[in-house]
Number of protein chains: 2
Amino acid sequence: MNIFSDAIRSKGLRVTPARIAVLSVLEDSEHPLDITGIISKVIKLKVDADQATIYRIIENFIDKDLVKRLQFREKKFYYEAKRYDHHHAICEKCGKIDDISNCSIDRVEREIERTKGFKVKSHSLEYFGTCKSCQTLIS
Amino acid sequence: MNIFSDAIRSKGLRVTPARIAVLSVLEDSEHPLDITGIISKVIKLKVDADQATIYRIIENFIDKDLVKRLQFREKKFYYEAKRYDHHHAICEKCGKIDDISNCSIDRVEREIERTKGFKVKSHSLEYFGTCKSCQTLIS
DNA sequence: AATTATATGCGAATAATTTGCATTAGTCAA
DNA sequence: TTGACTAATGCAAATTATTCGCATATAATT
């Protein structure tokens, strides 16, 4: 059918309108969304899925590694589609979240494995600071 | 009085038994605690603080930069005292959280500042994998 | 088209977090 | 050290977030 359906099917999940909606909302967003954002965007797609269903779908997707749960400084979670491995730069003034694809901490990981005996499978890395446009504003 | 009182006072907060208890619990723990963990440890100290108070204190401390909110893979938050800057290695089998003090990503930060124009103030970095002792167990 | 198991909707339960407000208790200055 | 002042707390209740049970609907499979 389409790329979202395929992704869902490939994880052994049934393809349903609600699942397609949730996945496409996350894939089409250029930044992570919180649960409220997901629900309202699904509604905008004119897909009416109960919020219990959306919660369930999010957990499904996390289990199946289609979606990743993130937390920045606020007391709530954000979700994003798992595309490639990347990190985030979160502007503390405007809240904009940018992707950082460059990552060269493999060397650090190897160091940890050697000194701690801890086998690193993955990592999460977020940067906090001020984005380009906020730097030009007088705070 | 003591080091915890001083830390609290230095942030312009009043020194109260509940605040001393929460801060000492976090400082004395060698790994981050969730809200339940904090509450039960405060109770063990025989300080009876209402849970609403503890929630409020945590938010105070985060505002004042005495405490940091963390999230790993689970759907809940962890809190730790802000000592020095460090990262975590979270074992996906036993859940143990280890500190990683070594951090050499300054170079990466400079790279981001140059290419993105994003001014990095701080970052968070967590490693997920398998700790030494879990590696020897048959899964 | 029938079968079967999974997914959903709905309402209700539960858990997590916050709030209002009266009371208590730190802090500071006289 | 004692007020006076303001911030912090306790308590109960409200709000918000999340989960659950179960009947029904709907994908997938034949």
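Quick note on labels: first sequence line is chain A, next is B, and so on, each numbered from 1.
Atom CD1 of I39(A) and atom P of dT18(D) are 9 Å apart (whole Å). One interatomic measurement links the two molecules: CD1 of I35(B) to C1' of dT18(D), which rounds to 17 Å at whole-angstrom precision. Between D50(B) atom CG and dA16(C) atom C1' the separation is 14 Å, expressed in whole Å. Atom P of nucleotide dT18(D) and atom CD1 of I38(A) are separated by 11 Å, given to the nearest angstrom. Residue I54(A) contributes atom CD1, which lies 14 Å from atom P of dT19(D) at whole-angstrom precision. Atoms CD (E74(B)) and P (dT19(D)) sit 13 Å apart, rounded to a whole Å. Atom CZ of R19(B) and atom C1' of dT27(C) are 13 Å apart (whole Å). When the C1' atom of dA7(D) is taken as reference, atom CG of D63(B) falls 15 Å away, rounded to whole Å.
Looking at heavy-atom distances under 4.0 Å, D34(B) makes no contact with the nucleic acid at all. Residue D48(A) is in sugar-phosphate contact alone, with no base atom involved, counting any heavy-atom pair closer than 4.0 Å across all strands shown.
The distance from atom CD1 of I8(A) to atom OG1 of T16(A), rounded to the nearest 0.5 Å, is 6.5 Å. Here CG of L23(A) is found 11.5 Å from CG of N60(A). Values are rounded to the nearest 0.5 Å. Here the straight-line distance linking atom OG of S124(B) with atom CG of L70(B) works out to 8.0 Å at 0.5 Å rounding.
Ring to ring, F128(B) and F118(A) are not that close: their centroids are 6.0 angstrom or more apart.
Under 4.0 angstrom from either OP1 or OP2 of dT18(D) there lies at least one side-chain N or O belonging to Y55(A). Within the 4.0 Å cut-off from OP1 or OP2 of dA25(C), not a single side-chain nitrogen or oxygen of T16(B) is found. A close approach under 4.0 Å does not occur between any side-chain nitrogen or oxygen of R56(A) and OP1 or OP2 of dT8(C). Between K76(A) and dT16(D) there is no side-chain polar atom (N or O) within less than 4.0 angstrom of OP1 or OP2. The phosphate of dA7(C) has neither OP1 nor OP2 within less than 4.0 Å of any side-chain N or O from T53(A).
When the nearest nucleotides of DNA chain C are assigned to L13(B) and F77(B) by heavy-atom distance, the more 5′-ward of the two goes with F77(B). Toward the 5' end of DNA chain C, the nearer of the two residues A52(A) and E59(B), judged by each one's closest nucleotide, is A52(A).
Between the side chains of E80(B) and H88(B), at least one donor N or O lies within less than 3.5 Å of an accepting N or O.
Of the candidate nucleotides dG9(C), dT8(C), dT17(C), dG9(C) has the atom nearest to the side chain of A49(A).
A donor-acceptor contact under 3.5 angstrom links the side-chain atoms of R14(B) to the base of dT6(D).
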